[in-house]
Amino acid sequence: AYLDTFEFPGQKPTLDVEFRGDLRDIATTTATAKLLTAKVRKIGEPYEIHSVLGEVEFDGRSNRVELKEFEMTDDRGTLVLDADWNQELNRINFKIDSSVDLANLIALYTTDNRLREIVFYSTPNISAEGFLDLEELGKFKDFQFPGEVPGKRCISVIYGWITKPAWRF
């Protein structure tokens with residue numbers, strides 16, 4: 001399947017999952033998952049991620065999922081992501097800071113060869129905070145980003161232009 005397309009040179013990844021509560025009643029359950037891996041790459045591809053560290057927590061009492069920690073490193077830099085979701089709003093709030101090799105990272109997760117045509121002459125430094133509206137996500141034939149990244153929080157995409165006051169998708 002999909003995970004079979006990746007290889008983990010050196011140390012194998014670890015995933016620890018802990019459940020608390022009555023698993024027959026999701027409203028009483030909490031769960032924590034921790035992922036740690038050293039090197040990972042797609043079989044046959046030269047791009048390599050050096051490390052991934054993540055922790056996600058589910059709280060059935062509040063119907064909330066929180067990405068408590070996510071950090072990934074490659075040859076170019078680090079990607080740090082914070083996110084949370086709650087059932088009432090059904091949207092993912094996120095904050096991302098990245099200096100990784102974005103084009104190669106995206107290419108790991110898609111078969112769209114158009115992304116291989118993207119060329120960055122220097123590594124983009126991206127800082128953004130916003131949300132992804134999951135109610136709207138399935139309404140588009142082609143991928144669009146149904147959410148918002150307010151401009152005052154969008155610090156930099158360094159290529160000699162300034163972002164607009166707000167991005168609405």
Side-chain angles (χ1 to χ4, degrees), residues 1-113 115-116 118 120 123-138 140 143 145-147 149 153:
Y2 181 72
L3 285 178
D4 293 336
T5 65
F6 291 93
E7 59 186 350
F8 303 90
Q11 186 178 355
K12 293 188 180 204
T14 60
L15 177 64
D16 295 319
V17 181
E18 178 182 321
F19 292 95
R20 293 181 182 213
D22 183 352
L23 294 178
R24 293 172 295 195
D25 183 3
I26 197 77
T28 67
T29 304
T30 62
T32 302
K34 295 179 182 179
L35 171 69
L36 176 62
T37 186
K39 296 179 180 180
V40 60
R41 67 176 166 246
K42 202 163 199 175
I43 295 172
E45 297 290 331
Y47 175 69
E48 183 174 87
I49 297 170
H50 296 296
S51 66
V52 178
L53 172 66
E55 181 177 350
V56 64
E57 186 173 274
F58 168 75
D59 185 342
R61 296 171 301 235
S62 64
N63 285 318
R64 178 180 162 93
V65 176
E66 180 180 5
L67 183 60
K68 297 184 84 148
E69 180 176 22
F70 183 86
E71 184 173 308
M72 188 201 87
T73 60
D74 69 6
D75 281 339
R76 302 251 176 113
T78 303
L79 181 144
V80 177
L81 174 65
D82 295 311
D84 66 77
W85 169 86
N86 72 54
Q87 186 176 21
E88 184 179 340
L89 296 175
N90 200 23
R91 72 181 200 183
I92 299 172
N93 300 305
F94 66 88
K95 180 179 179 186
I96 186 169
D97 290 299
S98 174
S99 59
V100 297
D101 183 346
L102 198 57
N104 278 316
L105 177 62
I106 292 170
L108 284 180
Y109 299 100
T110 183
T111 57
D112 188 344
N113 286 326
L115 290 174
R116 295 190 188 277
I118 297 172
F120 294 109
T123 304
N125 292 310
I126 299 172
S127 292
E129 185 172 341
F131 68 87
L132 174 63
D133 186 336
L134 297 177
E135 294 293 325
E136 298 294 321
L137 188 60
F140 301 106
F143 181 78
F145 188 95
V149 181
R153 303 269 182 169

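These numbers come from a predicted model, not from an experiment.
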Next on the checklist: Could you work out, with ring-ring contact (aromatic ring centres under 6.0 Å, His included) as the rule, every residue matching Phe6, not counting sequence neighbours?
Outcome noted: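 Partners of Phe6 under the ring-ring contact (aromatic ring centres under 6.0 Å, His included) test: Tyr2.
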Tell me, please, which residues at least two apart from [X] pass side chain to side chain donor-acceptor pair (under 3.5 Å).
X	result
Ser62	none
Thr78	none
Asn93	Asp84, Arg91
Asp22	Arg24

Checklist entry - What distance separates Glu129 CD from Asp97 CG, expressed to the nearest 0.5 Å? => result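 Spacing of CD (Glu129) from CG (Asp97) equals 9.5 Å.
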Checklist entry - Distance from Ile49 atom CD1 to Thr73 atom OG1, nearest 0.5 Å? => result 8.5 Å
Checklist entry - How would you list, by chain and number, every residue that makes a salt bridge (charged side-chain N to carboxylate O under 4.0 Å, His left out) with Lys68, sequence neighbours excluded? => result Glu57
Are side-chain heavy atoms of [X] and [Y] found at a separation under 4.5 Å?
X	Y	value
Ile43	Thr5	no
Phe58	Ile26	yes
Asp74	Asn104	no
Leu79	Leu105	yes
Asp75	His50	yes
Leu89	Phe131	no
Glu71	Val80	yes

Next on the checklist: Looking at every non-hydrogen atom in both residues, tell me the closest pair between Met72 and Phe70 and how far apart they are.
Outcome noted: CB-CE2, 4.0 Å
Next on the checklist: To check you understand the geometry: which heavy-atom pair defines the closest contact between Ala83 and Ile92, and what is its length?
Outcome noted: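 Between these two residues, the closest heavy atoms are CB-CG2, 4.1 Å.
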Next on the checklist: Other residues, nucleotides and ligands only: do more than 12 of their heavy atoms fall within 6.0 Å of NZ on Lys34?
Outcome noted: no
Next on the checklist: Evaluate Thr123 against Ser99 for side chain to side chain donor-acceptor pair (under 3.5 Å), listing each step before the verdict.
Outcome noted: CA-CA 6 Å; Thr123 304; Ser99 59; over 6 Å; no
Only counting residues at least two apart or in another chain, list the ones meeting side-chain contact (heavy atoms from CB on, under 4.5 Å) with [X].
X	value
Thr37	Phe8, Pro13, Val52
Ala27	Asp25
Glu88	Asn86
Thr30	Arg20, Asp59, Arg61

Item to check | Listed once per pair and sorted, the salt bridge (Lys or Arg N to Asp or Glu O under 4.0 Å) pairs that draw on residues 7-16, sequence neighbours left out | outcome: Glu7-Arg41
